[in-house]
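Heads up, the thing below is written out as structure tokens.
Because only heavy atoms are used, hydrogens play no part in the values below, and waters and symmetry mates are left out as well, while side chains stay in. So that the names make sense, note that chain A is the first sequence line, chain B the second, and so on, each numbered from 1.
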2 protein chains.
Amino acid sequence: MAIKGASCIACPMDPVLRAVTGRWTTTILWHLSTESPLRFGELMGLMPEISAKVLTDRLRMLEKNGLVLRTQKPTIPPEVSYEMTEHGRDLHQALRALHEVALKWDAEGWVPGQGFPDTPVTQAAE
Amino acid sequence: MAIKGASCIACPMDPVLRAVTGRWTTTILWHLSTESPLRFGELMGLMPEISAKVLTDRLRMLEKNGLVLRTQKPTIPPEVSYEMTEHGRDLHQALRALHEVALKWDAEGWVPGQGFPDTPVTQAAE
DNA sequence: GTAACCGGTTACTAAATGGTAATTACTTAC
DNA sequence: GTAAGTAATTACCATTTAGTAACCGGTTAC
């Protein structure tokens, strides 16, 4: 008889979560999952608050993990575009499900850090 | 006519992703989504590498966001258990989809930071 | 000659995050 | 009287991460 939940200690969730979640990562995947290919500048435009450095870092990481494909045309000025790989597209269902949750919670009046209208407010001690 | 993808700049994905993704957060939600309720110590056991401080931080954040319910029995020693709220359970589909992806990629030989067997290897410059 | 274009890179600094160890509280067992 | 057990909390320090601004390349338009 397995210990409650113990069967998942060594399941492959953790490494996958590290690769596809985290600051900006999931947002980038969501955009590329919704419309591909997207150019570097277009991604910047879709995420006005990300910096070029972080976007580059994330795209490199996703590329290394085989989830995103980078295509460069050697024109002047250069034209670089990104799209999901075949494997990356496996995330489509999960991303769509997350998007639906986002729409639902938004409609229900969810506020980041405060929860839903029916979430009990924890009193701040004086 | 909307600019390519522009319709999602202000969509509610970002705040939701901040609340449910991030180091340990999604893993905690996955465990609570799979079996509830779980006690603090049980969660620690399921994630051998997390520290009590970080687990506490995450649980407080999830509670504030109305996704996780904390129940304390005033016994000695105390017995505190955590479970998903009604709203939190909205994530079930997304979490299950992520889990399926994890199982699939694992079976396909995906290695974190190196991708799949068919992912082109970027040469490390000497 | 110089500014714009695009997709970066680099160096430096600032902020967020995470880990460790000590401490709390109350009761039961040794 | 002291250690164990549970669920934390706190202070402090180390690490990681992110942001800022400057710079690069080659060509075209002014």
Side-chain angles (χ1 to χ4, degrees), chain A residues 3-4 14 17-28 31-32 36-65 68-83 112-113 122-126, chain B residues 3-5 14-15 17-28 31-32 36-64 68-83 112-113 122-125:
Chain A
I3 295 167
K4 216 183 180 189
D14 272 330
L17 288 175
R18 288 215 195 195
V20 307
T21 70
R23 194 106 178 78
W24 295 118
T25 310
T26 318
T27 305
I28 294 168
H31 286 306
L32 290 178
S36 279
L38 283 171
R39 298 182 57 179
F40 186 87
E42 290 178 320
L43 282 165
M44 286 291 288
L46 290 168
M47 295 172 284
E49 300 194 309
I50 200 175
S51 67
K53 180 199 165 198
V54 172
L55 179 54
T56 302
D57 285 355
R58 291 302 172 278
L59 289 169
R60 293 281 172 283
M61 188 219 75
L62 292 169
E63 217 191 330
K64 266 192 199 153
N65 277 323
V68 162
L69 181 69
R70 179 184 190 267
T71 309
Q72 175 167 16
K73 287 187 196 166
T75 54
I76 301 290
E79 188 179 323
V80 183
S81 61
Y82 297 89
E83 61 195 303
T122 301
Q123 217 71 356
E126 284 293 308
Chain B
I3 295 167
K4 216 182 180 190
D14 272 332
L17 287 175
R18 290 215 193 193
V20 306
T21 71
R23 193 106 179 79
W24 296 118
T25 310
T26 318
T27 305
I28 294 168
H31 285 306
L32 290 178
S36 279
L38 283 171
R39 298 182 57 181
F40 186 88
E42 290 177 320
L43 282 166
M44 286 291 287
L46 289 169
M47 296 172 284
E49 301 194 309
I50 201 175
S51 67
K53 180 201 166 197
V54 172
L55 180 54
T56 301
D57 286 355
R58 292 302 173 278
L59 289 169
R60 292 283 172 280
M61 189 217 74
L62 292 169
E63 216 191 331
K64 265 191 199 155
V68 162
L69 182 70
R70 179 183 190 269
T71 310
Q72 175 167 16
K73 286 187 196 164
T75 53
I76 301 290
E79 188 179 322
V80 183
S81 61
Y82 298 88
E83 60 194 303
T122 302
Q123 217 69 358

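Taking atom CG on A/Leu55 and atom C1' on C/dC6, their separation rounds to 13 Å, with Å as the unit. Between the P atom of C/dG7 and the CZ atom of A/Arg60 lies a distance of 12 Å, rounded to the nearest Å. Rounded to an integer number of Å, the gap from CD of B/Glu63 to C1' of D/dA7 is 13 Å. Rounded to an integer number of Å, the gap from A/Glu79 CD to D/dT28 P is 16 Å. Atoms CG (A/Asp57) and P (D/dT20) sit 15 Å apart, rounded to a whole Å. For A/Trp24 and D/dG19, the CH2 to C1' distance is 12 Å, given to the nearest whole Å. If you measure from atom CZ of B/Phe40 to atom P of D/dA7, you get 8 Å, rounded to the nearest angstrom. In this structure, B/Ile50 atom CD1 and C/dG19 atom P are separated by 8 Å, rounded to whole Å.
Minimum heavy-atom separation, B/Tyr82 to B/Leu32: O-CD2, 3.4 Å.
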Identify each donor-acceptor pair in which a side-chain atom of residues 44-55 of chain B lies under 3.5 Å from a protein atom, sequence neighbours left out, and give them as a table.
unit_1, atom_1, unit_2, atom_2, d
B/Ser51, OG, B/Val54, N, 3.4

Just list the side-chain donor-acceptor pairs under 3.5 Å for residues 17-27 of chain B, sequence neighbours left out, or say none.
unit_1, atom_1, unit_2, atom_2, d
B/Thr21, OG1, B/Leu17, O, 2.6
B/Thr26, OG1, B/Val20, O, 2.7
B/Thr27, OG1, A/Asp14, OD1, 2.9

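Applying the 4.0 Å criterion to OP1 and OP2 of C/dG18, one finds that B/Arg58 has a side-chain N or O inside that range. For C/dT17, neither phosphate oxygen OP1 nor OP2 lies less than 4.0 angstrom from any side-chain nitrogen or oxygen of A/Arg23. Distances shorter than 4.0 Å separate none of the side-chain N or O atoms of A/Arg39 from OP1 or OP2 on C/dC6.
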Can you name the atoms? Protein N/O to nucleotides 20-30 of chain C N/O, anything below 3.5 Å, with the distance.
none

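One distance of note links CG of B/Leu43 with CZ of B/Arg58; it measures 13.5 Å at 0.5 Å rounding. Here the straight-line distance linking atom CD1 of A/Ile76 with atom NZ of A/Lys73 works out to 14.0 Å at 0.5 Å rounding. To the nearest 0.5 angstrom, A/Asp57 atom CG is 11.0 Å from A/Leu62 atom CG.
By the 4.5 Å heavy-atom criterion applied to side chains, A/Arg70 and A/Leu59 are not counted as neighbours.
Listed nucleotides: D/dG19, C/dG8, C/dG18. Nearest to the side chain of B/Val54: C/dG18.
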